[in-house]
*Asks:* 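There's a structure below that I have some questions on.
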Amino acid sequence: EEQEEDMQRELRCFLRHITERLYLDRRFKTFTKPVDTVQVPDYLQVIKQPMDLSSLLTNIDKHKYITVNEFVRDADLIWNNALTYNPDSATLDRKIRHRAHALKDALHAIIREHLDPEFEKACEAMKERR
Ligand SMILES: COC(=O)N1C[C@@H]2C[C@@H]3O[C@]2(Cc2nccnc23)C1
């Protein structure tokens with residue numbers, strides 16, 4: 001009903017705020033768009049669920065996430081995939097690995113800083129009702 005729609009609108013605004021903060025951070029430029037599978041032909045053999053910041057924004061607008069936890073599961077794919085695909089401590093991989101860890105820490109710090117646990121509990125309760 002009405003107040004559920006209001007809550008979901010507030011959730012989408014919250015998730016856009018997080019995603020846009022990360023999108024604007026120059027450290028995370030490599031995570032803003034899908035990996036180019038033409039340039040990187042083996043990427044989809046290694047990574048089964050590609051994810052990136054622009055895809056998160058598209059998913060938010062398509063009402064894919066009704067709780068913060070569902071959003072975090074997709075957002076965590078971004079840095080986890082980078083660690084999986086770029087495993088070596090060799091120089092090229094090392095830079096993207098540092099950026100992946102920085103993305104993980106920034107994502108979870110922004111959520112901890114802005115998320116009211118009562119709000120997430122209300123979203124989870126609504127999910128149970130559906
Ligand atoms: C999140 O980004 C990544 O996981 N990657 C891995 C790919 C391997 C390497 O860097 C990426 C793009 C790329 N394109 C052309 C040639 N080599 C590369 C970005």
Side-chain angles (χ1 to χ4, degrees):
E1 60 273 15
E2 193 52 38
Q3 60 263 39
E4 284 198 351
E5 287 321 305
D6 291 344
M7 179 171 63
Q8 287 300 295
R9 194 172 305 109
E10 184 174 349
L11 174 71
R12 289 192 294 276
C13 291
F14 176 71
L15 298 182
R16 284 192 195 97
H17 170 75
I18 297 167
T19 311
E20 283 159 9
R21 286 270 300 276
L22 299 172
Y23 198 101
L24 295 171
D25 188 318
R26 286 160 31 89
R27 292 177 295 168
F28 307 139
K29 180 156 177 39
T30 191
F31 303 117
T32 55
K33 294 288 186 308
V35 170
D36 183 339
T37 49
V38 172
Q39 284 201 31
V40 191
D42 74 334
Y43 190 75
L44 295 179
Q45 272 95 326
V46 178
I47 298 301
K48 295 308 165 198
Q49 267 196 291
M51 189 49 66
D52 66 280
L53 294 169
S54 60
S55 297
L56 282 184
L57 286 171
T58 302
N59 290 346
I60 293 165
D61 293 346
K62 288 161 73 173
H63 299 198
K64 177 179 176 184
Y65 310 118
I66 61 173
T67 68
V68 175
N69 280 338
E70 288 175 349
F71 167 83
V72 168
R73 269 209 302 275
D74 272 2
D76 280 345
L77 284 172
I78 301 172
W79 57 266
N80 263 310
N81 288 345
L83 297 180
T84 301
Y85 187 80
N86 307 281
D88 309 330
S89 54
T91 43
L92 180 79
D93 288 1
R94 205 161 45 213
K95 193 187 293 184
I96 195 163
R97 295 179 63 79
H98 288 326
R99 288 171 174 160
H101 286 293
L103 177 64
K104 172 186 62 175
D105 292 342
L107 168 70
H108 288 275
I110 295 173
I111 289 172
R112 194 174 305 112
E113 174 188 335
H114 291 288
L115 176 62
D116 174 353
E118 289 310 306
F119 179 77
E120 174 61 0
K121 269 163 64 176
C123 291
E124 297 282 354
M126 193 203 78
K127 181 177 173 181
E128 292 313 307
R129 285 195 297 274
R130 286 205 172 178

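Remember, it's 1-based here, ligands and their atoms both numbered in the order they're listed. The shown structure was predicted, so the numbers you read here are calculated from the model rather than taken from an experiment.
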*Asks:* Do me a favour and list the nearest non-hydrogen protein atom to atom 9 (C) of ligand 1 with residue, atom name and distance?
*Replies:* V40 CG2, 4.8 Å
*Asks:* Are side-chain N/O atoms of S54 and D52 paired as donor and acceptor at under 3.5 Å?
*Replies:* yes
*Asks:* Salt-bridged, D61 to R16, with N to O below 4.0 Å?
*Replies:* yes
*Asks:* For ligand 1, which atoms sit closer than 4.0 Å to a heavy atom of T30?
*Replies:* 1 (C), 2 (O)
*Asks:* Which salt bridge (Lys or Arg N to Asp or Glu O under 4.0 Å) pairs, counting each pair once, include a residue from residues 117-130, with sequence neighbours left out?
*Replies:* E4-R129, E4-R130, E5-R130, E70-K127, E118-K121
*Asks:* If you round to the nearest 0.5 Å, how far is CH2 of W79 from OG1 of T84?
*Replies:* 9.0 Å
*Asks:* At a non-hydrogen distance cut-off of under 4.0 Å, which region of D36 contacts ligand 1 (side chain, backbone, both, or neither)?
*Replies:* neither
*Asks:* At under 4.0 Å between heavy atoms, which part of V35 makes contact with ligand 1: side chain, backbone, both or neither?
*Replies:* side chain
*Asks:* Give the residue, atom name and distance (to 0.1 Å) of the protein heavy atom nearest atom 3 (C) of ligand 1.
*Replies:* I96 CD1, 3.4 Å
*Asks:* Among side-chain atoms of Y85 and D42, is any donor-acceptor pair under 3.5 angstrom?
*Replies:* yes
*Asks:* Tell me the protein heavy atom at minimum distance from atom 15 (C) of ligand 1, and give that distance in Å.
*Replies:* Q39 OE1, 3.0 Å
*Asks:* So, do Y23 and F28 have ring centers that fall under 6.0 Å from each other?
*Replies:* no
*Asks:* For atom 10 (O) of ligand 1, find the nearest protein heavy atom and state the residue, atom name and distance (0.1 Å precision).
*Replies:* N86 OD1, 4.9 Å
*Asks:* Output yes when the distance from some N or O of ligand 1 to some N or O of Y85 is under 3.5 Å, and no in every other case.
*Replies:* no
